[in-house]
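Notes to accompany the following structure.
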Amino acid sequence: MPPMSKAYNPADHENRIWQKWTEADAFAADPGRVLDGDARPYCVLIPPPNVTAALHLGHALNGTIQDILVRAHRMMGYETLWMPGTDHAGIATQTMVDKRLQEQGKPGIADYKRKELDGGNGRDEFLAIVQEFKDDFEQRITNQFQKMGCSCDWKRQRFTMDDICARAVREAFFQLFKDGLIYRGKRLVNWDPVTQTALADDEVEMEEVNGHFYYLRYPLVKEIEGDPTIPVTWGELAARGYPDAENHPDDEQAWITVATTRPETYMGDTGVAVNPKDPRAGAVRGMHVMLPIVGRVIPIIEDDYVVLPVKYGGEEGDAKAEMSTGFLKVTPAHDPNDYMIGQRHDLEMINIMAPDASISDQHGWDREERGEDGHIFLGKSREEARKLVVKEFDARTVAEGSEGSLLEKMVPHRHSVGHSYRSHVPVEPYLSDQWYCKVTDDKLRGNAQRALLPEQRTEQSIKDWPESRPKMHTAGSNDGTMTFYPSRYAKTYEIWHDNLRDWCISRQLWWGHRIPVWNGSVIGPTEKVDRFESTMAAWWRQGKLTTQLTIDSSDPNPPLTNSGEPLIGQEIAVCVRDQDPEIIAFLEEYGFTQDPDVLDTWFSSALWPLSTMGWPDASAAKDSSNIADFESLLPAFNPTSVLCTAREIITLWVSRMTMFNRYFLGDEDHAGKAPFKDVFIHAMIQDGEGRKMSKTLGNGVDPLDIIDSHGSDAMRFTLCQMTTQTQDVRMPVELDESTGKNTSPKFDLGRNLCNKLWNASKFALGMFEKAELKAGIPISPEELSLVDRWMLSRVTEATNKVNTALRNYMFKDYADAIYDLFWRDFCDWYLESIKPTIADSPTQAAVLRNVIDAILRLIHPVMPFITETLFERFESLPIREIEGFNFETTQSSATLCQSGWPTPDDELRDEVAVEAYERVRSLVTAIREVRATNQVKPKRQITLHVNGPLEDDIARWSPLVETLAGVDTITADDPEGASSSFMFEGEEYQLSNLADALDAGAERDRLEKELASIEKNIKGIQGRLSNPGYVDKAPEHLVQQTRDQLAQLEKDHAATKAALDKLG
RNA sequence: GGGCGAGUAGCUCAGUUGGCUAGAGCGUUCGCCUUACACGCGAAAUGUCGUGGGUUCGAGUCCCUCCUCGCCUACCA
């Protein structure tokens, strides 16, 4: 092997080491060993990154965390699977590709849509382009993960739209459809008018905007003799007891005022609601209002949803009560709350917008037929329409000749409005046909909630919703097994389920899993209908399809029925289980067409724990992947060990995966196992100012840039070290002038550690050239020197610390534990201590060999490349065992990555050695301090004068003290000539020969400072001891400890005083 | 509005059931190319633990008030 370079250069090693792991097939998981009981399973599913973009630092953190866990458990002897993959990210990818095409001056999706409408093949052509884009990014992402050293089982890599995942989506949809948990409905959805698709609630971002409250007057009318437009006068209202009506001219037409932030929707109003408790409600009961300009007459209804204005009993301080007029315009087709009111009162739903959110009479508002006016608004955008409505209202009065405008007033108002996370325009509540998954069903929501560890449930939630209590005492129950780390996130998860609504799963996109439903109706000659019914029934019995109409299975020749209603002419939705060409051809022959929509991306993401493991048909998965053991994956590795993800994902993804895993792996109760035992939520990385890293801010850091400049291990260590239990961590971002790329000084920490590791190893190898290293009978720790026993003890303690940290997902603790062990203990003290002795001590050489081996193993999970590189250099050196200093047995030790984890016996913890060596360290530190304050040249060897209690100890410690403190003579004699004194364990000792002439002034300054510090401490401790409460109530050992401390300090004080006096 | 989190050294963060003189890394200052490492070694300085109360012998830690910031969630009357 070539000599080691002066500094560690990661680029020289990382690619070669990756190659080595690949050739050793070191990351391959063997489910067979789990099923045979030869090894315990450890499995992690990667949260599949979107194929929309290259990985960012958050992914690097996520990947580092998982790789640390996976590598550590692999070394601990678990059969370990880390499943890699990517996500197709429907809307993001589709819009990204469209944007790119347009930037390149090529036809965009609008052009392909036109082509498709014209009978061409626009959809498939566009999808081919997206596919290419996806292949490109999937490759880039894979490469990035591999550069980071992620030890995934790469041959098992999945993509949420590949054949195997598609089969899972198809089957899941079929089963949920069959079980009535997927339904279609005309509902208000979050509509993105730019991308023209529905969005799920979680795809909507709230943003504060400056808006107004507009107070609009609607004239009151009543019906007389078939004419519903007869004006109601104030006089009439006054007669019916309407408050304040008498303040208006008796014979003028009366009005009510509604408040709204969205006047442009008024054309879609189909009612005005008032609270029945409102004193005005009785007076207007049965009356109507006429919408200005459009002329529609709509009823006044009573609903206690309406908030009373403060004036009529509404709560002061309630924003709604303060702003409200008590009359609420109801626009069921354009507001979710109005939609519910509309349903309760059977109001019309009039959609006044086109899919691009412009005002239109072609999508539900049949203006002409109803004889409604309002053509002036047609074709206007939402924003234009708002202005126009306000302008028109402002220009008109309630009735000809009456005072005041229809626009009563405008009040500025700042409020949050939902925006599309993709196009960033305000989301429009829009009435359309969509598919829903009934996640609020107890079989889904309830099981997700019951999956949580009982200790992590809150009493309130269980009280509010008793069925969600985990059934822990029922035999075979899979409830209560999932644990969140940190535990506070369990609450977020719980609350999410408490407030869940049905999940809109259809998207008006092309890139995604097409909904496997064919729609149509059957009409025509009896034999045609009969043939349809019998054929469908046969397939239905074979489980190849299901329909939204039911089939009577008791009938030998069952027709499709819907509660006894005849089939003919009815709209039927047929869900075809597999992509069965025969069935599809048959349906198409009857004029059925496949639903054009695709499923929400999360539908396939939710199946990730199942689809990646071959569900529902592992043998088919085996055939299409050439992975021979596909059929063993699910039984061996589901439930997986832990899911590591960022908190923005908790609510939707963890929940949905839990629902689906339990649903599809359960028996009739659909309460199978949760997909993970643990869920670890890690921090999000922000820049130095606490902002999210983003492309638009230009504050993102590219992991590949850091790998180039600092190395993969350096990046990983730094990220690991930053991973505390808080929700955000900050990473100051700087522009590297030389490369023009963003970086952060934080990564120097990792780079420096790598370099230190490299050099310490180089040094150790140099020592092994001098010292004799050979195998032999195991060494008993008792034969070892103080410093060796101390080092072994420290490794043992550090190993325990590391194990505890990893078990609790405390990644910073892990980083700190290995950092302190390696740098502070091993480099600063152990290596320095053994310099004079190791060449002549084969046992010490053996200890060094063992210790460095253990350190490399403990560090490997976080810094795999450099540790593997160094392992190669140590590997061939003989190792002599130390009793109790053991390692886990693994299947192979061809690479460090596959080798065993340190399992040092607790016996190696040597309190005597630790205590003694700590005393040596304090003594050395005390001497060093004197040297530094007296500016003793580093090379100068000085004389230590020891008489008194330390004499016996110093005889044993002398080689250590001499080498560590730069002392060449230790004597019991008093110093001749100038000397400097220091305190150790309450006694005063002298150092001499510090310089050719000692500066008495500097010495006095130093001692005076020391004295002041001791006095301050004595005062504090005396204060505590003179407090009777403390002495009486505090635990005995603490009080004793404090007394000892005081005694020690008083000794120090006296010694320092004496030294000062001596100086004169 | 509701929930969660954060506020500790110039910066980034630890500080687990209350109990040594509140720690680490970076940065700063001083001295050093001391048989691996200047990406290093030795030493030093730096804190009203956001505010104000309370519980306690004792509070960075527990309780309450308020302030600042971040995130989630709800709200377009």
Side-chain angles (χ1 to χ4, degrees), chain A residues 4 6-8 206 209 211 213 215 258-262 265 273 306-307 309 318-329 335-337 413 415-418 426 429 488-489 491-492 495-496 499 647-648 650-651 684 686 688 690-692 710 714 721-722 724-732 744-746 748-767 808 810 812-813 816 819-820 824 827-828 831-832 835 925 928-929 931-933 935-940 966 1013 1016-1017 1020-1021 1024 1027-1035 1038 1041-1042 1045 1049:
Chain A
M4 290 174 76
K6 189 168 164 61
Y8 174 62
M206 295 317 244
V209 296
F213 270 117
Y215 291 81
V258 295
T260 179
T261 59
R262 300 199 59 202
T265 63
V306 180
V307 174
D318 177 350
K320 278 185 181 171
E322 308 241 341
M323 304 308 282
S324 160
T325 65
F327 290 104
L328 174 65
K329 73 192 265 301
D335 181 285
N337 297 316
H413 175 57
H415 61 136
S416 298
V417 174
R488 65 175 183 274
Y489 290 115
K491 201 169 168 183
T492 315
I495 291 172
W496 159 263
N499 300 323
R647 69 175 184 286
E648 53 184 356
I650 312 171
T651 41
M684 311 244 288
Q686 304 174 330
R691 300 172 306 185
K692 262 187 182 175
H710 289 71
Q721 192 271 154
M722 289 172 70
T724 58
Q725 306 289 308
T726 53
Q727 64 175 9
D728 298 311
V729 289
R730 288 186 182 192
M731 158 95 55
S744 173
K746 293 212 95 177
D748 293 350
L749 171 70
R751 184 195 53 188
N752 297 351
L753 178 60
C754 287
N755 194 54
K756 188 77 177 174
L757 189 55
W758 179 258
N759 277 290
S761 301
K762 185 163 79 177
F763 184 57
L765 286 165
M767 288 186 172
N808 293 299
M810 311 272 268
K812 188 195 167 57
D813 287 6
D816 286 349
Y819 187 94
D820 288 344
R824 302 275 86 95
C827 291
D828 289 353
L831 286 184
E832 293 302 327
K835 274 179 180 176
T925 303
R928 282 174 175 173
E929 192 186 330
R931 291 184 64 119
T933 45
Q935 312 258 336
V936 177
K937 295 279 172 227
K939 276 189 176 164
R940 189 177 184 104
S1013 157
K1016 185 183 154 212
N1017 289 335
I1021 287 181
R1024 203 181 317 158
N1027 178 347
Y1030 177 69
V1031 181
D1032 293 347
K1033 294 188 184 173
L1038 276 175
Q1041 202 175 308
T1042 311
Q1045 225 163 42
L1049 281 167

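All values below were derived from every heavy atom in this structure, side-chain atoms included, with hydrogens, water molecules and symmetry-related copies excluded. Only a predicted model underlies this, so the values are computations on that prediction, with no experimental measurement involved. Below, read A as the first sequence line, B as the second, and so on, with proteins coming before strands; counting in each chain starts at 1.
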Notebook entry, point to check: Counting side-chain heavy atoms from C-beta on, which of B:U35, B:G3, B:A14 comes nearest to A:Ile495?
Noted result: B:G3

Check: Which part of the nucleic acid does A:Asp335 contact within heavy-atom distance under 4.0 Å: base, sugar-phosphate only, or nothing?
Finding: sugar-phosphate

Checklist line | Residue-phosphate contact under 4.0 Å: A:Lys491 side-chain N/O, B:C4 OP1/OP2 | finding: yes

Notebook entry, point to check: Contact class for A:Arg488 vs. all strands (heavy atom < 4.0 Å): base, sugar-phosphate, or nothing?
Noted result: sugar-phosphate

Margin query: I'd like to know if A:Glu832 reaches the base of B:A36 with its side chain such that a donor and an acceptor end up less than 3.5 angstrom apart.
Written below: yes

Margin query: Over all strands shown, is A:Lys756 touching base, sugar-phosphate only, or nothing at heavy-atom distances under 4.0 angstrom?
Written below: base

Check: Between OH of A:Tyr215 and CE of A:Met323, what distance do you get to the nearest 0.5 Å?
Finding: 4.0 Å

Next item on the list: Kindly give the heavy-atom pair with the smallest separation between A:Val729 and A:Met722, and that separation in Å.
Entry: CG1-O, 3.2 Å

Check: Considering only side-chain heavy atoms of A:Lys937, which listed nucleotide, B:A14, B:C32, B:A36, is closest?
Finding: B:C32

Check: By salt bridge (Lys or Arg N to Asp or Glu O under 4.0 Å), which residues pair with A:Lys746, not counting sequence neighbours?
Finding: none

Notebook entry, point to check: What is the distance, rounded to the nearest whole Å, between atom CG of A:Asn808 and atom C1' of B:A14?
Noted result: 16 Å

Notebook entry, point to check: Among B:G3, B:U34, B:C39, which nucleotide sits nearest the side chain of A:Pro938?
Noted result: B:U34

Notebook entry, point to check: Below 4.0 angstrom from OP1 or OP2 of B:C4, is there any side-chain N or O of A:Thr492?
Noted result: no

Margin query: As a quick check of understanding, evaluate side chain to side chain contact (heavy atoms under 4.5 Å, CB included) for A:Lys835 and A:Met767, giving each step before the final call.
Written below: CA-CA 9 Å; A:Lys835 274 179 180 176; A:Met767 288 186 172; 3.9 Å; yes

Item checked: Side chain A:Asn755, main chain A:Arg751, donor-acceptor under 3.5 Å -> no

Notebook entry, point to check: Expressed as a whole number of Å, how far does the P atom of B:C63 sit from that of B:G19?
Noted result: 15 Å

Notebook entry, point to check: Taking for each residue the nucleotide of RNA chain B bearing the nearest heavy atom, is the 5' side occupied by A:Met731 or by A:Arg824?
Noted result: A:Met731

Next item on the list: For A:Asp828, report the nucleic acid contact type (base, sugar-phosphate, nothing); a contact means any heavy atom under 4.0 Å.
Entry: sugar-phosphate

Next item on the list: Name the nucleic acid region contacted by A:Arg928, choosing base, sugar-phosphate or nothing; use a 4.0 angstrom heavy-atom cut-off, strictly under.
Entry: sugar-phosphate

Notebook entry, point to check: A:Thr260 near the nucleic acid: base, sugar-phosphate alone, or nothing, with a heavy-atom cut-off under 4.0 Å?
Noted result: sugar-phosphate

Note to self: Roughly how many Å apart are B:U21 and B:A38, using the C1' atom of each and rounding to a whole number?
What the structure shows: 33 Å

Checklist line | Distance, C1' atom - from B:U28 to B:G47, rounded to whole angstrom | finding: 16 Å

Checklist line | Rounded interatomic separation in angstrom, taking CD from A:Gln725 and P from B:C4 | finding: 18 Å

Next item on the list: Write down the distance separating the P atoms in B:C26 and B:C66, rounded off to the nearest Å.
Entry: 41 Å

Checklist line | Non-neighbouring partners of A:Ser324 that pass side-chain hydrogen bond (donor to acceptor under 3.5 Å, both in side chains), sequence neighbours left out | finding: none

Notebook entry, point to check: What nucleic acid atoms does A:Val258 come within less than 4.0 Å of, heavy atoms only: base, sugar-phosphate, or nothing?
Noted result: nothing

Note to self: From CG of A:Asp813 over to P of B:U16, roughly how many Å is that when rounded to an integer?
What the structure shows: 11 Å

Note to self: Rounding to an integer number of Å, can you tell me how far A:Asn759 CG sits from B:A36 C1'?
What the structure shows: 5 Å

Next item on the list: Mind checking the CG-CD spacing from A:Asp813 to A:Gln721? Nearest 0.5 Å is all I need.
Entry: 10.5 Å

Notebook entry, point to check: Counting side-chain heavy atoms from CB outward, which of B:C37, B:A36, B:A14 is closest to A:Asn755?
Noted result: B:C37

Next item on the list: Let me know the distance between OH of A:Tyr819 and P of B:G23, rounded to the nearest Å.
Entry: 18 Å

Margin query: When the C1' atoms of B:C67 and B:G52 are compared, how many Å lie between them, rounded to an integer?
Written below: 11 Å

Notebook entry, point to check: What interatomic distance, in whole Å, is found between C1' of B:U56 and the corresponding atom of B:C64?
Noted result: 16 Å

Checklist line | Whether A:Arg931 side chain and A:Arg940 backbone form a donor-acceptor pair below 3.5 Å | finding: yes

Next item on the list: Would you mind classifying the nucleic acid contact of A:Asp820 as base, sugar-phosphate or nothing, using non-hydrogen atoms under 4.0 angstrom?
Entry: nothing

Checklist line | A:Arg262 side chain near A:Pro429 side chain, heavy-atom distance below 4.5 Å | finding: yes

Next item on the list: For A:Lys939 and B:C33, give me the distance from atom NZ to atom C1', rounded to whole Å.
Entry: 9 Å

Notebook entry, point to check: Taking atom NZ of A:Lys762 and atom NZ of A:Lys6, what is their separation to the nearest 0.5 Å?
Noted result: 6.5 Å

Next item on the list: For B:G60 versus B:G2, give the span between their C1' atoms, rounded off to a whole number of Å.
Entry: 29 Å

Next item on the list: Identify whether any heavy atom of A:Pro745 sits under 4.0 Å from a base atom; if not, whether one sits that close to sugar-phosphate; answer base, sugar-phosphate or nothing.
Entry: nothing

Next item on the list: Let me know the distance between CG of A:Asp816 and C1' of B:U12, rounded to the nearest Å.
Entry: 13 Å

Check: Taking only N and O in the side chain of A:Asn752, is any of them less than 4.0 Å away from OP1 or OP2 of B:G40?
Finding: yes

Note to self: Walk me through whether A:Tyr819 and A:Lys756 qualify under side chain to side chain contact (heavy atoms under 4.5 Å, CB included).
What the structure shows: CA-CA 11 Å; A:Tyr819 187 94; A:Lys756 188 77 177 174; over 6 Å; no

Item checked: Rounded distance (Å) that lies between atom C1' of B:U34 and atom NZ of A:Lys835 -> 8 Å

Next item on the list: Look at all strands and tell whether A:Leu749 reaches a base, only sugar-phosphate, or nothing, counting heavy atoms closer than 4.0 Å.
Entry: sugar-phosphate

Notebook entry, point to check: For RNA chain B, what dot-bracket results from Watson-Crick or G-U pairs at under 3.5 Å, with [ ] for crossers and | for inter-strand partners?
Noted result: (((((((..((((.....[...)))).(((((.......))))).....(.(((..]....))).))))))))....

Margin query: Nearest to the A:Thr724 side chain among B:A36, B:C32, B:C13, which nucleotide is it?
Written below: B:C13

Check: Taking atom C1' in both B:G18 and B:A59, what distance in whole Å separates the two?
Finding: 6 Å

Notebook entry, point to check: Which residue lies toward the 5' end of RNA chain B, A:Val936 or A:Glu929, if each is placed at its nearest nucleotide?
Noted result: A:Val936

Next item on the list: With heavy atoms under 4.0 Å as the rule, sort A:Lys6 into base, sugar-phosphate or nothing.
Entry: sugar-phosphate

